[in-house]
Amino acid sequence: MAMNKIDRINREIEKTREKITEYQNKLKGLEAQKTEAENLQIVQLVRSMRLSPAELTSMLKSGAIPGMAPAPVYHGADNEEMEETENEE
C-alpha cells in the first residue's frame with residue numbers, strides 16, 4: 001500500500017515537472033513575440049519620422065527627438081533626498 005502511494009506521488013511529481021517545462025517554454029515564446037512586436041513598433045516609429053541614416057544617427061547620439069523638448073534629467077542624489085524627506089514625514 002505504501003509503495004502504491006509513493007508511486008502515485010512520483011507520477012504526480014513527474015506530471016508537474018512536465019507542466020513546468022511546458023509553461024517555461026510557452027513563456028519564452030511569448031517573451032520572444034513581445035520583443036518582436038516592440039521592435040516592429042520601434043521600426044515603424046523611426047520610419048514614420050522619415051529621417052536619413054545620418055539624421056537618425058545624430059538624433060540617437062544627442063538623445064533628442066526632433067520637435068520635442070528633452071526630458072528632464074534626474075540625478076540619483078535628488079531621488080535619495082526625496083526619499084529621506086518622505087521618510088521624515
Side-chain angles (χ1 to χ4, degrees):
M1 175 130 185
M3 201 57 160
N4 289 338
K5 186 173 183 177
I6 293 171
D7 289 340
R8 189 168 25 104
I9 292 170
N10 281 333
R11 283 193 303 270
E12 191 66 28
I13 288 171
E14 187 58 34
K15 285 181 188 177
T16 302
R17 284 187 177 142
E18 289 172 4
K19 285 192 178 221
I20 289 170
T21 301
E22 177 185 334
Y23 282 126
Q24 286 174 332
N25 291 335
K26 183 176 181 178
L27 177 60
K28 286 178 187 176
L30 290 170
E31 287 172 338
Q33 288 177 13
K34 178 185 172 202
T35 299
E36 186 176 331
E38 289 171 340
N39 290 343
L40 180 61
Q41 189 176 23
I42 291 166
V43 168
Q44 289 172 339
L45 174 66
V46 170
R47 286 184 178 162
S48 73
M49 296 172 77
R50 291 188 161 80
L51 299 174
S52 71
E55 291 170 327
L56 177 60
T57 301
S58 174
M59 181 193 74
L60 293 173
K61 284 183 180 178
S62 69
I65 297 176
M68 291 185 69
V73 176
Y74 296 102
H75 300 286
D78 294 340
N79 290 336
E80 289 174 12
E81 289 175 10
M82 288 179 68
E83 289 175 5
E84 289 175 9
T85 304
E86 290 173 357
N87 291 338
E88 290 174 0
E89 294 174 358

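The model shown is predicted, which means the values in this text are computed figures rather than measured ones.
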Check your understanding: Given the rule that I, L, V, M, F, W and Y join up when any side-chain heavy atoms are under 4.5 Å apart, are Leu45 and Leu40 in one cluster?
Key -> no
Point to revise | Separation between NZ of Lys34 and CD of Glu38, rounded to the nearest 0.5 Å | key: 5.0 Å
Review point. Nearest 0.5 Å, what's the CD1-CD1 distance between Ile13 and Ile6?
Key: 10.5 Å
Study note, to complete from the structure: Closest non-hydrogen contact found for Glu55 with Arg50 is OE1-O, 4.3 Å
Review point. Transitively linked via ILVMFWY side-chain contacts under 4.5 Å: Leu60 with Val43?
Key: no
Review point. Measuring from Thr35:OG1 to Leu30:CG, what's the distance to the nearest 0.5 Å?
Key: 11.0 Å
Review point. Do you reckon Leu27 sits in the same ILVMFWY cluster as Ile20, going by side-chain contacts under 4.5 Å, direct or chained?
Key: no
Review point. For the atom pair CD (Glu14) and CD (Glu12), what is the distance rounded to the nearest 0.5 Å?
Key: 11.0 Å
Check your understanding: When you look at CD of Glu22, are more than 12 heavy atoms from neighbouring residues, nucleotides or ligands closer to it than 6.0 Å?
Key -> yes
Point to revise | Gap between atom CZ of Arg11 and atom CZ of Arg8 - 0.5 Å precision | key: 8.0 Å
Review point. Has Glu36 got more than 12 heavy atoms of other residues, nucleotides or ligands less than 6.0 Å from its CD?
Key: no
Check your understanding: Would a distance-only check, ignoring hydrogens and angles, find a side-chain to backbone donor-acceptor pair under 3.5 Å from Thr57 to Pro53?
Key -> yes
Point to revise | CE-CG distance between Met3 and Asn10, expressed to the nearest 0.5 angstrom | key: 8.5 Å
